[in-house]
Amino acid sequence: MPALEDHCWSCSCTRRDKNGVKITTWLVRRAGDAMSSLNSFIGLVCCTLASREGRSLIRRSLVLFAVGAFLALVLNLLQIQRNVTLFPEEVIATIFSSAWWVPPCCGTAAAVVGLLYPCIDRHLGEPHKFKREWASVMRCIAVFVGINHASAKLDFANNVQLSLTLAALSLGLWWTFDRSRSGLGLGITIAFLATLITQFLVYNGVYQYTSPDFLYIRSWLPCIFFSGGVTVGNIGRQLAMGTPEKSHSD
């Protein structure tokens, strides 16, 4: 009996050792595959960044980030001064009287949206050529700032009238400076997603709106997001066009 027990024990130990070797081999193989994939990904990123398109992508991202952060800082300051938005006192610690996270978040969103517009245009095979000059882009930015200014300055009998007015102005901005189906679709999508995120932030007490009439926010806020998406999209499209290179002959 002891010999039989020793034989069974040795068999079970051998089986466990084989299973352990199989598991170890599988883990090593998977780790090797993961390292190979990571190495390929890093190589692809390095090649992309070293290429001309990669450098152009980084340059456009930085410009869009700077524009988005600056516009967010100025427009958010306007909303705070008019008591449209209220932040807790402990988060307003800068000389601009604005929450520190607003400019970087809006700058990142502007970079994503500005890069997304020309990518969608190329994917759809419909290059946007309507009013593609910097003068038109500057006018679009001016109209967008005016819409934001109107949301804080204009006094209506109720928020519904203000929302309808801003909706008409936002659609007018799209018609005047864009007129593309992709621009309209992306603007509506951006307005929807940004409104959901804002509702979530206000619900969790990050900041609040005075006199909310659309759950926790103002009903005209989606119009601001829509016009902002169209404006940043125009900037991104113009940056994506670049400047044609001049041919030099010896």
Side-chain angles (χ1 to χ4, degrees), residues 60-61 63-72 74-76 78-79 84-85 102-103 105-152 154 159-160 162-201 209 214-215 217-241:
R60 286 186 286 140
S61 300
V63 172
L64 289 166
F65 179 88
V67 171
F70 176 76
L71 289 177
V74 173
L75 300 176
N76 189 55
L78 176 64
Q79 301 287 343
V84 177
T85 56
V102 172
C105 289
C106 293
T108 303
V112 173
V113 172
L115 295 176
L116 185 61
Y117 265 76
C119 289
I120 295 296
D121 291 338
R122 286 195 298 267
H123 180 73
L124 296 177
E126 298 177 356
H128 189 265
K129 298 181 180 179
F130 180 72
K131 291 187 177 182
R132 289 271 62 86
E133 66 271 354
W134 279 112
S136 177
V137 174
M138 293 298 106
R139 288 192 293 269
C140 182
I141 295 175
V143 173
F144 170 61
V145 174
I147 292 175
N148 279 269
H149 188 74
S151 68
L154 294 181
N159 282 333
V160 175
L162 178 60
S163 300
L164 293 176
T165 302
L166 294 180
L169 291 174
S170 299
L171 288 175
L173 182 143
W174 168 78
W175 180 256
T176 304
F177 300 103
D178 194 317
R179 296 191 187 182
S180 66
R181 292 176 298 174
S182 60
L184 179 63
L186 280 174
I188 294 174
T189 303
I190 292 166
F192 177 75
L193 294 176
T195 301
L196 286 181
I197 295 173
T198 306
Q199 295 275 17
F200 176 78
L201 293 176
Y209 284 88
F214 180 45
L215 295 180
I217 64 175
R218 295 284 188 93
S219 57
W220 45 259
L221 198 59
C223 304
I224 302 297
F225 290 140
F226 174 83
S227 57
V230 173
T231 301
V232 173
N234 276 342
I235 299 173
R237 283 166 168 167
Q238 189 65 35
L239 289 173
M241 290 184 64

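Everything numeric here is computed off the predicted structure, so don't read it as measured data. Each residue takes its place number in the sequence, starting with 1.
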Any side-chain heavy atom of [X] sitting closer than 4.5 Å to one from [Y]?
X	Y	value
R237	D178	yes
V230	F144	no
L221	F214	no
V232	L71	no
I224	W220	yes
F192	I188	no
W134	L239	yes

Under 3.5 Å, sequence neighbours excluded: what are the donor-acceptor pairs made by side chains of residues 167-174?
| from | atom 1 | to | atom 2 | distance (Å) |
| --- | --- | --- | --- | --- |
| S170 | OG | L166 | O | 2.8 |
| S170 | OG | C223 | O | 3.1 |
| W174 | NE1 | S180 | O | 3.2 |

Inset, instruction - Please say which of H123, R60, M241, Q238 ends up in a side chain to side chain contact (heavy atoms under 4.5 Å, CB included) with P118. - result: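 Exactly one option meets the side chain to side chain contact (heavy atoms under 4.5 Å, CB included) with P118, and it is R60.
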
Inset, instruction - Going by the side chain to side chain contact (heavy atoms under 4.5 Å, CB included) test, name the single residue among T195, L186, L184 that passes it with F226. - result: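 When side chain to side chain contact (heavy atoms under 4.5 Å, CB included) is applied between F226 and each of T195, L186, L184, only L184 qualifies.
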
Nearest-0.5 Å distance, [atom1] of residue [X] to [atom2] of residue [Y]:
X	Y	atom1	atom2	answer
T231	N148	OG1	CG	9.0 Å
F225	T189	CZ	OG1	14.5 Å
M138	N234	CE	CG	10.0 Å
L75	H149	CG	NE2	11.0 Å
T176	R139	OG1	CZ	10.0 Å
C119	L124	SG	CG	11.0 Å

Inset, instruction - Quick one: closest heavy-atom pair of A191 and P222, and the distance? - result: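 Answer, listing the atom of A191 first, then P222: CB-O, 3.5 Å.
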
Legend entry - Closest approach of G229 to I190 (non-hydrogen atoms, all atoms of both residues):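 In this case the closest contact between G229 and I190 is CA-CD1, 4.1 Å.
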
Legend entry - Test item: S136 side-chain N/O and E133 main-chain N/O as donor-acceptor pair under 3.5 Å: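 Absent.
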
Legend entry - Partners passing side-chain hydrogen bond (donor to acceptor under 3.5 Å, both in side chains) against T198 (at least two apart in sequence or in another chain):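 T198 satisfies side-chain hydrogen bond (donor to acceptor under 3.5 Å, both in side chains) with no residue once adjacent residues are dropped.
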
